[in-house]
Number of protein chains: 2
Amino acid sequence: MSDGTHPGTETQTHRRIILAALHEFTQSGYKGCSTRAVAERAGVNEVTLFRHFGNKLELLRAAVEYSVGQMRAPADIESYFNLSLRDGLTKLITDYLLQLSSQSDILMLGFSESFSHPEVADVLRRFIWQFRTALIQYFEGQYAQKKMKEADFPVLAHMLLITIHSTPSVHKRAPEDVKIHLSDERVVKTLVDTVSLAYSLDEL
Amino acid sequence: MSDGTHPGTETQTHRRIILAALHEFTQSGYKGCSTRAVAERAGVNEVTLFRHFGNKLELLRAAVEYSVGQMRAPADIESYFNLSLRDGLTKLITDYLLQLSSQSDILMLGFSESFSHPEVADVLRRFIWQFRTALIQYFEGQYAQKKMKEADFPVLAHMLLITIHSTPSVHKRAPEDVKIHLSDERVVKTLVDTVSLAYSLDEL
DNA sequence: AACTTGCGTAAGCATGCACTTGCATTATAC
DNA sequence: GTATAATGCAAGTGCATGCTTACGCAAGTT
């Protein structure tokens, strides 16, 4: 019985295949790319790919797992509480953006592939949820400290999350003259400006 | 020479195939669904599908074209100018949402398929652009009327657009307890509240 | 009655692709 | 020096799928 002999999962080959898969999957979608293409990009024989991961779907799972493993949830929110609404928000968001920018590929994959592969989407949602919760907690904290007006915090958090997440993908597709308007800095600034102008009780 | 004889494009069959295609494409992606599946859903023989559209890609194009043809750009922005920032925005957004809700499928398709089929994405972008332009013009109009503070209007428009567009797709995937927080009404309200609280010179 | 149009049915071709098998090759370990 | 682990290479299998061909049938048109 030729049991699928899994080679050591720590080799360089393993990693290279995963990185290649991540690239191809996000570029053309799961169905849209072939294992051949992944192998080629990894500089590896196609057979090696199967020896490592068994089948294509398992490769997807491994790639997602790898990618998610790289992300770190936002540190404890308490540390943001001392700052003003404006500064705290800015820090929270930029910290989060730092995570995202390195993982924007997998997030986009998660969005486009979420129907055909709910498991994949779930993993991502779990991560995004952490930030959502952090945001809401942060708002409620600020509100309790009377540094912020009352508002529909879940929706507010949703708004921020969506904008932050979509910006990189919009960025990738947008024509050159629009990208200029969509630098991370400007988006974050406008986001924070708007929220603190609207709800801050510190300023003015 | 068996030239592809295009049957009349006004038949019921034609429409049913397009609707089926729209459904399947958005469900599983272009590569993810087969012409057989589309035909089956349309209650039509697969051959008929090819007789109408020649090939799969042409079907995609026809489906997108059909869908986009259903959308109407926002009416002339002038009519919103008389209203307050809050009321004008609300009207602009709800009007736009009306369009979107009937076309959310195709929009999601556009997003997920935009890399492999840029033409498709282009058509959609063109539509979205119209709203973006309308929004920016509206803001500038309000600003000129001194009914609104200065702001980064393009980014602000981007923020609104993104939130509006993403909400339906998030809605589809989100667990039940989150959907409650994401009714169109609440999202629009928070959006408008936030913007007008932040930038309106009418209120307070 | 003959022709056209729109569709169905059956069968099949060609290709791409996930996945397998068998064998040769290198390197490392013991 | 021999066993073992990790990879490459050549070839192939089986299935899904896009697309075609050839034929038949019903309804409307002329």
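Because the structure is a prediction, the values reported are computed rather than measured. Letters A, B, ... are given to chains in the order of the sequence lines, protein chains preceding strands, and every chain is numbered from 1.
The pair Asp152(A)-Arg186(B) counts as a salt bridge, with a side-chain nitrogen and a carboxylate oxygen less than 4.0 angstrom apart. Ion pairing of Asp87(B) with Lys91(B) is absent here, as no side-chain N (NZ or NE/NH1/NH2) approaches a carboxylate O to less than 4.0 Å.
The CD-P distance, from Glu58(A) to dC19(C), rounds to 10 Å in whole Å. Taking atom CG on Leu49(B) and atom P on dC7(C), their separation rounds to 11 Å, with Å as the unit. As a whole-Å value, the separation of Leu59(B) CG from dT17(D) C1' is 15 Å. Across the protein-nucleic acid pair, Leu60(B) atom CG and dC19(D) atom C1' stand 17 Å apart, rounded to whole Å. Taking atom CZ of residue Arg16(A) and atom P of nucleotide dA6(D), one finds them 17 Å apart after rounding to whole Å. One atom, CD of Glu46(B), and another, P of dC13(C), lie 16 Å apart when rounded to the nearest Å. Atom CD1 in Ile17(A) sits roughly 14 Å away from atom P in dC19(C) (whole-Å rounding). A straight line from CZ of Arg51(A) to C1' of dA18(C) spans 16 Å, rounded to a whole angstrom.
Between His52(B) and dC7(C) there is a side-chain N or O to OP1 or OP2 distance below 4.0 Å. Distances shorter than 4.0 Å separate none of the side-chain N or O atoms of Thr48(B) from OP1 or OP2 on dC7(C). Under 4.0 angstrom from either OP1 or OP2 of dA6(D) there lies no side-chain N or O belonging to His14(A).
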Pairs under 3.5 angstrom only: tabulate donor-acceptor contacts from the side chains of residues 134-142 of chain B to other protein residues two or more places apart or in another chain.
| from | atom 1 | to | atom 2 | distance (Å) |
| --- | --- | --- | --- | --- |
| Tyr138(B) | OH | Ser84(B) | O | 3.3 |
| Tyr138(B) | OH | Leu85(B) | O | 3.4 |

Item to check | Stepwise side-chain contact (heavy atoms from CB on, under 4.5 Å) test for Ile164(A) and Phe131(A) | outcome: CA-CA 11 Å; Ile164(A) 294 171; Phe131(A) 187 62; 4.2 Å; yes
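Comparing dG18(D), dC19(C), dC23(D) by their nearest atom to the side chain of Lys56(B) picks out dG18(D). Taking the side chain of Phe50(A) as heavy atoms from C-beta on, and the options dG8(D), dA22(D), dT20(C), the nearest nucleotide is dT20(C). Across dC19(C), dT21(C), dC7(C), the shortest atom-to-atom separation from the side chain of Asn55(A) is found for dC19(C).
Side-chain contact between His165(A) and Tyr96(A) is present, with heavy atoms from C-beta onward closer than 4.5 Å. Here the side chains of Val155(B) and Lys189(A) are not in contact, with every heavy-atom distance at 4.5 Å or above.
Listed by chain and residue number, nothing satisfies the ring-ring contact (aromatic ring centres under 6.0 Å, His included) test with Tyr199(B) (two or more places apart in sequence, or in another chain).
Each of Val47(A) and Lys31(A) has a nearest nucleotide on DNA chain C; the 5'-most of these lies closest to Lys31(A).
Using a 4.0 Å cut-off on heavy atoms, the residues of residues 34-45 of chain A that approach DNA chain D are Gly43(A), Val44(A), Asn45(A), listed by number.
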